Protein chains: 2
Amino acid sequence: MINSLEKFREKGIKLTPQRVAILRYLDGNKGHPSAEDIYNKVRKIFPMMSFATVYKTLERLKQRGDILELTIDPERRRYDPDTRAHHHLICIGCKQVVDIHTEITITLPDEVKESFELTGNHIEFYGMCSDCNTVRKNILTG
Amino acid sequence: MINSLEKFREKGIKLTPQRVAILRYLDGNKGHPSAEDIYNKVRKIFPMMSFATVYKTLERLKQRGDILELTIDPERRRYDPDTRAHHHLICIGCKQVVDIHTEITITLPDEVKESFELTGNHIEFYGMCSDCNTVRKNILTG
DNA sequence: GTTACTGCAAAGCTTTTGCATCCCT
DNA sequence: AGGGATGCAAAAGCTTTGCAGTAAC
């Protein structure tokens, strides 16, 4: 996401210290953090930073296409600095979300293609990670 | 979803008039309504019905596996009385959601299968419906 | 010097909850 | 009769917004 901070300055984005801290936290982050995750983390460096700054910065980055807003969690929005097309695997136990970069081709029926101009897709895989599976088995066997 | 209202009575679910109205509204509904959609519609029949009743009923139905809670809209939760495995096609223009019942097989890499026990998946297709596409073209051509 | 950003507080929405009353079974 | 459901209002979360002050450019 951040090749260089210059990339942002070039496009009329002001690089405030708060923003740089948010960008640094997001860069390469594979945890699909929520606004609160970002707030809690960055606040350790900038204790005065407000929630509004986090939301406004996320909105700005989203508009610019620098991050994706994910709709994989019914409780809150999550953000992904990886803007390449990819999919997600969600553990129904601990709710962790893992990226799936496997290329997947999906063919829809002609009747759909005629009435819709398709632009993309996103797959949510559901399952149980080995940790949660181990816990589950231990419970079952007493 | 509703083969017969008896099915609900059998399982210890009390069939109040409000609930029957909600069930009737949901039965066969392909519009993926939100709690507010349900409230607005059913309130025309039961003006005294509260939002709490809608939410509590939806929670009960969800627990029983009679409806699915969809996470396809970042603004609000939507509900689907069709509990069969299926996918969704979302118009990025008017936000309408269409069911996709095409059977789709997806193969994930072995390394994923080894660390996750997969239980299901859900695909969101994005595109533009013919109505929105027409509008867009008219704007572009003046 | 401009313009955009920050921080705060208030407000807006969606969803949940407590509780007294009501009514389905 | 008993247990669950209703309705109301209050509260809880998440997210947005207005505005005055501030800082990046």
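Computed from a prediction, not measured in an experiment: that's the story for all the values here. Lettering follows sequence order; numbering is per chain, from 1.
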With the threshold set at 4.0 Å, does a side-chain nitrogen-carboxylate oxygen contact exist between [X] and [Y]?
X	Y	value
A:E59	A:K56	no
B:R24	B:D27	no
A:K41	A:E36	no

Taking [atom1] from [X] and [atom2] from [N], how many angstroms apart are they, rounded to a whole number?
X	N	atom1	atom2	result
B:F46	D:dA5	CZ	P	16 Å
A:L61	C:dC5	CG	C1'	13 Å
A:L58	C:dT6	CG	C1'	15 Å
B:Q18	C:dC23	CD	C1'	10 Å
A:M49	C:dA9	CE	P	16 Å
A:R19	D:dT22	CZ	C1'	14 Å
A:D73	C:dT15	CG	P	13 Å
B:Y39	C:dT14	OH	P	13 Å

Side-chain donor/acceptor pairs under 3.5 Å, residues 85-95 of chain A, sequence neighbours excluded:
{"residue": "A:H86", "atom": "ND1", "partner": "A:R84", "partner atom": "O", "Å": "2.7"}
{"residue": "A:H86", "atom": "NE2", "partner": "A:D80", "partner atom": "OD2", "Å": "3.0"}
{"residue": "A:H86", "atom": "NE2", "partner": "A:H88", "partner atom": "NE2", "Å": "3.2"}
{"residue": "A:H86", "atom": "NE2", "partner": "A:D99", "partner atom": "OD1", "Å": "3.4"}
{"residue": "A:H87", "atom": "ND1", "partner": "A:I123", "partner atom": "N", "Å": "2.9"}
{"residue": "A:H88", "atom": "ND1", "partner": "A:H122", "partner atom": "NE2", "Å": "2.8"}
{"residue": "A:H88", "atom": "NE2", "partner": "A:H32", "partner atom": "NE2", "Å": "3.3"}
{"residue": "A:H88", "atom": "NE2", "partner": "A:D80", "partner atom": "OD2", "Å": "3.3"}
{"residue": "A:H88", "atom": "NE2", "partner": "A:D99", "partner atom": "OD1", "Å": "3.2"}

Which part of the nucleic acid, if any, lies within contact of A:P17, taking any heavy atom under 4.0 Å across all strands shown: a base, the sugar-phosphate backbone alone, or nothing?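 Since only primed, P, OP1 and OP2 atoms lie under 4.0 Å of A:P17, the category is sugar-phosphate.
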
Quick one: label B:P74 by what it contacts on the DNA or RNA (base, sugar-phosphate, nothing), any heavy atom closer than 4.0 Å. nothing

Check whether any side-chain N or O of B:T16 sits under 4.0 Å from OP1 or OP2 of D:dT6, and answer yes or no. yes

Indicate whether OP1 or OP2 belonging to C:dG7 is found under 4.0 Å from a side-chain N or O atom of A:T53. yes

Is there a donor in the side chain of A:D37 and an acceptor in the side chain of A:S34, or the other way round, less than 3.5 Å apart?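 Per modelled atom types, A:D37 and A:S34 side chains form a pair under 3.5 Å.
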
Looking at A:E103, I'd like to know if its CD atom is crowded, meaning that more than 12 non-hydrogen atoms belonging to other residues, nucleotides or ligands lie closer than 6.0 Å.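 Atom CD in A:E103 is not packed in, count stays at 12 or less.
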
Given C:dT6, C:dC23, D:dT6, the nucleotide with the shortest approach to the side chain of B:K14: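 From the listed options, C:dC23 comes nearest.
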
A:T83 side, atom OG1; A:I67 side, atom CD1 - distance, nearest 0.5 Å: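 Between atom OG1 of A:T83 and atom CD1 of A:I67 there are 10.0 Å.
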
How does protein reach along nucleotides 9-17 of chain D, written 5' to 3' as B (base within reach of a heavy atom under 4.0 Å), S (only sugar-phosphate), or - (no contact)? -----SBBB

